[in-house]
Amino acid sequence: NNNTQTTSPALSDDQIQIQEMARKFAREEIAPRAAYYDKMGEYPTEIVNKAWEVGLVNLNVPEKYGGQGLGIFESCLIGEELAWGCTGMSTAIGTNGLGEAPVILAGNHEQKKKYLGWAVEEPIRVGYCVSEPGAGSDVAGITTKAVKKGDKWVIDGEKMWITNGGVADWYFVLAKTDPTKKAGEAFTGFIVDANTPGITKGRKEANMGQRASNTAGVKFEEVVVPEENVLGRPGLGFKIAMGAFDKTRPFVACAAVGLGQRALDEAAAYSLERKTFGRPISDYQGVSFMLADMAIGVETARMMTLKSAWEIDRGNRQGTYFASIAKAFASDVCNKAAADAVQVFGGAGFNSEYPVEKLMRDAKIFQIYEGTSQIQRIIISRAVLQSKKETS
C-alpha cells in the first residue's frame with residue numbers, strides 16, 4: 001500500500017477523482033501482472049484495452065473529437081499512478097499520447113476527426129516514428145525521405161526504437177523532404193496508416209527493462225501517402241516533432257516519479273519487516289537516511305514535474321525549460337531510488353522474486369528516451385544563457 005503519496009491541497013475535486021481512478025487501476029490491474037509481462041516480454045493487450053475502456057488512454061484528445069481534452073497537468077497525475085504499477089505497461093498505455101501530439105498540435109480538422117476520432121472510438125495503437133538506426137539525439141540526421149510524386153508522397157527509410165512500432169495502427173512519421181534546407185525546414189511530418197503497402201514492422205526488441213512495452217523497427221519501402229496526410233505543410237515537420245516533445249516530456253517525468261515512489265514504498269515496507277541483530281533494519285540510520293534521501297528526491301521531482309505541466313498548459317514559453325529540468329531530474333531521481341531500494345533489500349533485492357530489481361532495470365531508459373539526460377542539459381543551459389543575454 002502506498003501511503004506516502006499525498007493528494008495535493010491544490011487539486012480540484014475532478015483532478016483528485018481521476019488521480020484516484022488511475023491509482024485504483026494501477027493497484028488492481030497493473031501491479032499484480034507486472035512480473036508476468038516483464039518475464040514474458042509480451043505486449044499487455046488486455047490491460048491496455050481495459051485502460052482504454054475506463055478512459056486512461058488518449059487523454060489529450062480534444063473534446064471536439066470525442067476525447068476528454070485533459071491538460072498535461074491531469075495527464076501527469078494519471079501517468080504517475082500508472083507508472084507506480086509498472087512503467088512498461090504505463091508506457092504501453094501512454095504512448096498513444098506521443099503519436100497523437102503532432103496531430104493535436106498541427107493537424108487540420110479532417111485529420112483530427114479521422115485519426116484522433118479513430119483512437120477514441122476503437123482501442124487502436126499509435127506510434128511516433130522519428131528515431132532511426134543512425135539518428136537518435138541527432139534528429140536532424142534523419143535519412144528517411146519522402147518524395148512528391150503527383151498528388152502523393154512516397155516514403156523510403158528505416159525507423160528504429162519505435163514504441164508501439166510493432167502494434168500501431170497509424171504512425172506519425174518524420175521524413176526529409178528537402179535536403180537542400182536546414183533542419184528547421186528540411187523535414188515534413190506525415191500521418192501514415194500502418195497497413196499501407198510497403199511498411200514492414202520489425203520484431204519486438206528484447207530490452208533490459210520496460211519489457212511490456214513494444215519497441216520495434218519500422219521499415220518504409222516506397223510507401224505511398226496521400227497529400228491530405230501531410231501535417232501542417234511541407235517543411236514544418238521538425239518544428240512539429242519538437243513541439244510534440246515539449247508537450248509529452250512532463251508525462252515522461254511523471255512516470256519516473258511514479259517509479260521512484262514505488263521504489264521508496266517497497267524499500268520502506270521491507271525495512272520495517274526485515275530484522276538484523278534483533279531489530280528492524282529501519283532502526284539503523286544507514287537505512288533510514290537512504291529512505292529520507294529517496295523521499296527528498298521523489299517529492300522534489302514530483303513538484304518540478306507538475307510545475308512544468310502547469311506552465312505548458314498555460315502556454316508559457318519557458319515550459320520547454322521547466323519540462324527539461326523535470327525530465328532530467330526525475331530520471332536521475334528514479335535511477336538512484338531504484339538502486340537504493342535494491343540496496344535496502346540486500347541479497348533479496350538482487351533476486352527476481354522480489355519487485356525491486358525490475359524497478360532498477362525499468363528506470364534506466366528514463367535517462368535515454370524522449371531526449372537523453374545530456375540533451376536535456378543542453379536545452380537547460382541554452383535557456384539559462386539565452387535569458388542572461390536578453391537581460392544584459
Side-chain angles (χ1 to χ4, degrees), residues 43-45 48-49 51-52 56-62 65-70 72 75 78-79 82 88-108 111-132 139 142 144 155 157 159-175 187-196 199 201-202 204 210 212-218 220 223 225 229-232 236-252 255 369-371:
Y43 182 81
T45 306
V48 179
N49 287 354
W52 178 84
L56 293 170
V57 187
N58 311 312
L59 305 172
N60 310 120
V61 172
Y65 302 101
Q68 302 173 67
L70 295 180
I72 308 298
S75 303
I78 291 169
L82 300 182
M89 280 194 254
S90 74
T91 297
I93 291 167
T95 293
N96 272 21
L98 176 58
E100 290 160 353
V103 181
I104 293 170
L105 204 65
N108 60 35
Q111 290 167 338
K112 287 177 178 173
K113 199 173 147 197
K114 181 175 177 183
Y115 289 99
L116 300 179
W118 184 15
V120 170
E121 281 154 30
E122 285 180 59
I124 63 161
R125 326 282 178 232
V126 183
Y128 178 93
C129 289
V130 173
S131 296
E132 296 185 1
V139 176
I142 282 174
T144 295
I155 301 178
K159 296 294 181 180
M160 189 65 193
W161 313 120
I162 306 306
T163 308
N164 276 359
V167 295
D169 295 280
W170 62 266
Y171 301 108
F172 165 74
V173 179
L174 190 65
F187 299 95
T188 301
F190 297 89
I191 305 169
V192 184
D193 287 84
N195 63 1
T196 310
I199 291 178
K201 295 175 174 180
K204 180 181 190 291
Q210 298 201 1
S213 169
N214 178 285
T215 309
V218 185
F220 297 83
V223 175
V225 180
N229 281 29
V230 170
L231 272 175
L236 271 187
F238 189 79
K239 288 188 180 82
I240 292 169
M242 295 304 104
F245 275 148
D246 285 347
K247 297 275 188 198
T248 57
R249 217 158 253 157
F251 193 72
V252 180
Y369 66 8
E370 287 221 30

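Residues take their numbers from the sequence shown, with the count starting at 1.
- Judged by distance alone, the side chain of Gln210 and the main-chain N or O of Ser90 form no donor-acceptor pair under 3.5 Å.
- Between Tyr65 and Val120 there is no side-chain heavy-atom pair separated by less than 4.5 Å.
- Atom SG in Cys129 sits 9.5 Å away from atom CD1 in Ile155 (nearest 0.5 Å).
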| said: Under the criterion side chain to side chain contact (heavy atoms under 4.5 Å, CB included), I'd like the reasoning laid out for Val126 against Tyr171: C-alpha separation, chi angles, the key distance, then a yes or no. | reply: CA-CA 6 Å; Val126 183; Tyr171 301 108; over 6 Å; no

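- In this structure, the side chains of Val192 and Asn229 stay at 4.5 Å or more apart for every pair of heavy atoms.
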| Under the side chain to side chain contact (heavy atoms under 4.5 Å, CB included) criterion, do Met89 and Leu82 qualify, and how do the steps go? | CA-CA 8 Å; Met89 280 194 254; Leu82 300 182; over 6 Å; no

| query | Under the side chain to side chain contact (heavy atoms under 4.5 Å, CB included) criterion, do Glu100 and Trp170 qualify, and how do the steps go? | reply | CA-CA 10 Å; Glu100 290 160 353; Trp170 62 266; 4.1 Å; yes

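- Note that CG of Leu105 is 6.5 Å distant from NZ of Lys247, once rounded to the nearest 0.5 Å.
- Of all heavy-atom pairs between Pro102 and Ile240, the closest is CB-CG2, 3.6 Å.
- At a threshold of 4.5 Å between non-hydrogen side-chain atoms, the residues Asn214 and Arg125 do not count as touching.
- For Phe172 and Tyr115, the ring centers sit 6.0 Å or farther from each other.
- Asn96 has its side chain out of reach of Trp52: every pair of non-hydrogen atoms, C-beta onward, lies at least 4.5 Å apart.
- Listed for the Lys201 side chain is a donor-acceptor partner under 3.5 Å among the backbone atoms of Ala168.
- Counting heavy atoms from C-beta on, the side chains of Leu231 and Leu236 never come closer than 4.5 Å.
- For the pair Pro62 and Leu116, the minimum side-chain heavy-atom distance is below 4.5 Å.
- Side chain of Asn60 to backbone of Leu70: a donor-acceptor contact under 3.5 angstrom is found.
- Taking 4.5 Å as the limit, some side-chain heavy atom of Val230 sits within range of a side-chain heavy atom of Phe190.
- Judged purely by atom type and a 3.5 angstrom limit, Lys159 has no side-chain atom pairing as donor or acceptor with the backbone of Tyr128.
- Of all heavy-atom pairs spanning Gly202 and Ala216, the tightest one is O-CB, 3.7 Å.
- For the pair Asn58 (side chain) and Ala119 (backbone), a donor-acceptor distance under 3.5 Å is present.
- Partners of Ser131 according to the side chain to side chain donor-acceptor pair (under 3.5 Å) rule, which considers only residues two or more places apart in sequence or in another chain, do not exist here.
- Under the rule for a side chain to side chain contact (heavy atoms under 4.5 Å, CB included), the partners of Thr95 that lie at least two apart in sequence or sit in another chain are Thr91, Thr163, Asn164.
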| message | Evaluate Lys112 against Val61 for side chain to side chain contact (heavy atoms under 4.5 Å, CB included), listing each step before the verdict. | response | CA-CA 9 Å; Lys112 287 177 178 173; Val61 172; over 6 Å; no

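- Screening Val57, Leu59, Asn49 against Ile93 for a side chain to side chain contact (heavy atoms under 4.5 Å, CB included) leaves a single residue, Val57.
- Val130 and Ile162 make their closest contact through N-CD1, 4.0 Å (heavy atoms, listed as atom of the first residue, atom of the second, distance).
- Taking 4.5 Å as the limit, every side-chain heavy atom of Thr196 sits out of range of all side-chain heavy atoms of Val225.
- Here CD1 of Ile72 is found 8.0 Å from OG1 of Thr248. Values are rounded to the nearest 0.5 Å.
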